Amino acid sequence: IALQKMLVRRGIENSRVRLGVRSRDGVFESHAWVECGDRLIGDEPVHVRTFTPLEGLSVSGPRTPS
């Protein structure tokens with residue numbers, strides 16, 4: 001989330017935090033990474049590919065009250 005916020009502060013608005021899960025040796029694991037368009041930022045593709053992305057779920061900045 002910190003990386004995504006840093007990108008937004010630098011004017012890069014199309015980044016998002018993605019969440020993924022996996023089960024390895026019976027242990028549930030989760031991971032978060034930042035994507036900017038089709039690019040992975042600050043992580044290794046070989047690592048991220050071991051997780052199943054939670055489609056339709058991403059982390060964005062705080063919502064503004066209506």
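Quick caveat: nothing in here was measured; it's all calculated off a predicted structure.
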Query - Cluster overlap M6 with I1, hydrophobic side-chain contacts below 4.5 Å - result: yes
Quick one: list whatever passes side-chain contact (heavy atoms from CB on, under 4.5 Å) with [X], sequence neighbours left out.
X	answer
R39	I41
R22	R24, E29, H47, T50, F51
D38	none

Query raised in the report: Do you know the tightest heavy-atom contact between C36 and I12?
Result: SG-CG2, 3.6 Å
Requested in this report: Over all heavy atoms of both residues, which pair between Q4 and V34 is shortest? Give the atoms and the distance, please.
Outcome: N-CG2, 4.2 Å
Distance (rounded to the nearest 0.5 Å) between [X] [atom1] and [Y] [atom2]:
X	Y	atom1	atom2	result
R49	L40	CZ	CG	9.5 Å
T52	H31	OG1	NE2	13.0 Å
E35	N14	CD	CG	11.0 Å

Query - Candidate pair V21 and L54, rule side chain to side chain contact (heavy atoms under 4.5 Å, CB included), full reasoning - result: CA-CA 7 Å; V21 296; L54 298 174; 4.1 Å; yes
Query raised in the report: Under 4.5 Å between any side-chain heavy atoms of V17 and W33, yes or no?
Result: no
Query raised in the report: Is any side-chain N of the basic residue among E55 and R18 closer than 4.0 Å to the acidic one's carboxylate O?
Result: yes
